[in-house]
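Per chain, numbering begins at 1; letters A, B, ... match sequence-line order. Keep in mind it's a predicted model, so treat the numbers as computed, not measured.
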Number of protein chains: 2
Amino acid sequence: MATAVVVAIFTVLDQRLSVLLIERAAEPYGGEWALPGGLLQPGETLEGAAGRKLKDETGLSDVFLEQLYTFDAAGDGNAEIVVAYFALLPAAQARLRRELEWRPAWRALRELGRLAFANERVLDYAQERLRSKLDYTNVAYSLVPVRFTLRELQGVYEAILEETIDKRNFRKRVVGLGIVRATTETRKEGAHRPARLYEFTSREPMVLF
Amino acid sequence: MATAVVVAIFTVLDQRLSVLLIERAAEPYGGEWALPGGLLQPGETLEGAAGRKLKDETGLSDVFLEQLYTFDAAGDGNAEIVVAYFALLPAAQARLRRELEWRPAWRALRELGRLAFANERVLDYAQERLRSKLDYTNVAYSLVPVRFTLRELQGVYEAILEETIDKRNFRKRVVGLGIVRATTETRKEGAHRPARLYEFTSREPMVLF
DNA sequence: CCAAAAGTGTTCTGACTACACCCATGC
DNA sequence: GCATGGGTGTAGTCAGAACACTTTTGG
């Protein structure tokens with residue numbers, strides 16, 4: 001009996017909270033969609049194993065990664081328990097290593113069918129956690145590029161919370177409470193007025209108020 | 001390599017947040033203090049194992065029990081990882097089964113020395129979690145009897161948060177926001193005016209606001 | 001000149017803080 | 001009659017919610 005580690009890797013693509021899934025090659029659940037994961041190797045830490053999986057799929061290693069919950073293994077004869085992590089990345093870094101045989105792909109969370117290993121348990125839990133952390137921490141920094149417009153940031157909040165937010169109140173809160181700060185730069189986009197660029201005052205995880 | 005489960009069992013005794021510790025009989029760490037725990041048995045669920053440990057020490061099974069965090073095992077050659085749970089009980093149920101060879105005892109959290117297996121990691125994490133849950137959930141119901149005076153409840157909050165609270169504001173919040181409700185009963189205690197008894201409007205875990 | 005998104009301020013409400021005095025009881 | 005703890009109300013502040021119009025730009 002061994003310990004499995006799985007990682008739910010999220011990004012906001014096209015105004016939708018999306019998660020990285022792979023199409024399983026081997027049995028059990030061959031051909032079905034699942035979260036990337038595998039067995040904890042001897043001598044490896046849990047966070048190390050989760051980071052390794054993350055790097056396998058995306059090539060990235062310096063992103064937000066946090067332990068989520070530990071589940072009893074369901075339906076997998078190999079593992080006894082499953083330690084789930086979740087990771088967040090900005091859409092711009094959401095490139096996949098498509099050369100891999102298990103074909104990682106981004107799938108909008110709202111449009112998922114059934115997954116292998118009852119991985120829905122993990123995703124439900126992760127979405128809940130992400131929503132609440134959005135409210136009382138600055139995690140959102142890990143979902144946007146270093147410089148961004150307030151509208152982009154608001155889009156990320158709206159996609160995750162699945163509700164619309166008042167522009168003025170959003171700006172007031174996020175700037176007024178010191179989560180982000182204005183830069184002097186602007187960006188022109190299409191047929192619009194140039195938009196001011198902002199940055200997070202801190203890009204370390206921190207609890208607000 | 002196996003999976004260990006440990007349980008941090010808390011109660012508020014004598015105005016101090018206290019945790020149940022055992023004195024280890026076997027090696028490693030023989031004679032040192034540790035959290036109750038053991039290996040996950042084949043076919044057992046994580047919560048099942050935690051509940052079993054809880055019952056072993058206290059005889060109780062119907063109390064608040066929640067998964068806390070999963071740690072890499074430190075210093076134990078047997079386990080690979082450690083899944084920590086925490087439990088809460090009212091002081092009145094804080095009877096120990098002293099007939100056990102490993103001598104469970106309540107120890108105030110503020111006055112602990114070093115523990116076996118680096119169990120401090122678990123306690124720090126648990127205390128943090130308990131404090132924040134006190135703010136935004138009704139967990140406190142699991143630390144007081146069904147009927148209690150507001151002063152008793154306030155004492156529990158103060159012991160855990162390690163700060164004093166204004167009596168009037170506390171009453172306003174806890175009653176006004178519907179966490180507890182007054183009963184018609186009162187209780188006389190010593191040389192004092194009789195105090196009104198209260199009860200929680202819900203004794204299921206719930207998130208406030 | 002039109003469409004599209006950026007930007008901006010005020011008012012109201014509800015929660016939280018700080019704070020001081022009277023009352024019932026047992027000794 | 002006094003010591004102990006129970007019980008109560010008000011005023012101020014601050015954060016969050018609701019809400020509409022003007023500006024810049026490209027086509």
Next item on the list: Using a heavy-atom cut-off of under 4.0 Å over every strand shown, decide if Leu150(A) touches base, sugar-phosphate, or nothing.
Entry: nothing

Next item on the list: Measure the CG-CZ distance between Leu134(A) and Arg131(A) for me, rounded to the nearest 0.5 Å.
Entry: 10.0 Å

Item checked: 5' priority, DNA chain C, between Leu197(A) and Phe209(B) [closest heavy atom] -> Leu197(A)

Checklist line | Base dT24(D) paired with Lys188(A) side chain (donor-acceptor, <3.5 Å) | finding: no

Notebook entry, point to check: Toward the 5' end of DNA chain D, which comes first, Ala191(A) or Asn169(B), by nearest nucleotide?
Noted result: Asn169(B)

Note to self: Counting only side-chain heavy atoms from C-beta out, which of dA5(C), dC19(C), dA15(C) sits nearest to Asp166(B)?
What the structure shows: dC19(C)

Anything under 3.5 Å between a donor and an acceptor, one on a side chain of residues 189-196 of chain A, the other on a protein residue two or more places apart or in another chain? List them.
residue   : atom : partner   : partner atom : Å
Glu189(A) : OE1  : Arg187(A) : NH1          : 3.4
Arg196(A) : NE   : Thr183(A) : O            : 3.0

Next item on the list: Determine whether any donor atom in the side chain of Lys172(A) lies under 3.5 Å from an acceptor atom in the base of dT8(C), or the reverse, and answer yes or no.
Entry: no

Note to self: Does dG7(C) have OP1 or OP2 under 4.0 Å away from a side-chain N or O of Arg171(A)?
What the structure shows: yes

Item checked: CG/Asp62(B): more than 12 non-hydrogen atoms of other groups inside 6.0 Å -> no

Next item on the list: Check every strand shown and say whether Gly176(A) touches a base, only sugar-phosphate, or nothing at a heavy-atom separation below 4.0 Å.
Entry: nothing

Checklist line | Distance-only donor-acceptor test, Arg193(B) side-chain atoms vs dA24(C) base atoms, 3.5 Å | finding: no

Note to self: Nearest whole Å is fine: how far is dT8(C) P from Phe170(A) CZ?
What the structure shows: 14 Å

Next item on the list: Take atom CZ of Arg168(B) and atom C1' of dA11(D), then tell me their distance rounded to the nearest Å.
Entry: 12 Å

Next item on the list: Identify, between Lys167(A) and Thr149(B), the residue whose nearest nucleotide on DNA chain D lies closer to the 5' end.
Entry: Thr149(B)

Note to self: Reading DNA chain C from 5' onward, which residue's closest nucleotide shows up sooner: Tyr198(A) or Arg173(B)?
What the structure shows: Tyr198(A)

Note to self: Assess the residue pair Tyr141(B) and Asn138(B) against the criterion (side-chain contact (heavy atoms from CB on, under 4.5 Å)); give the C-alpha distance rounded to whole Å, side-chain angles, the decisive distance to 0.1 Å, and a yes or no.
What the structure shows: CA-CA 6 Å; Tyr141(B) 75 84; Asn138(B) 67 342; 3.8 Å; yes

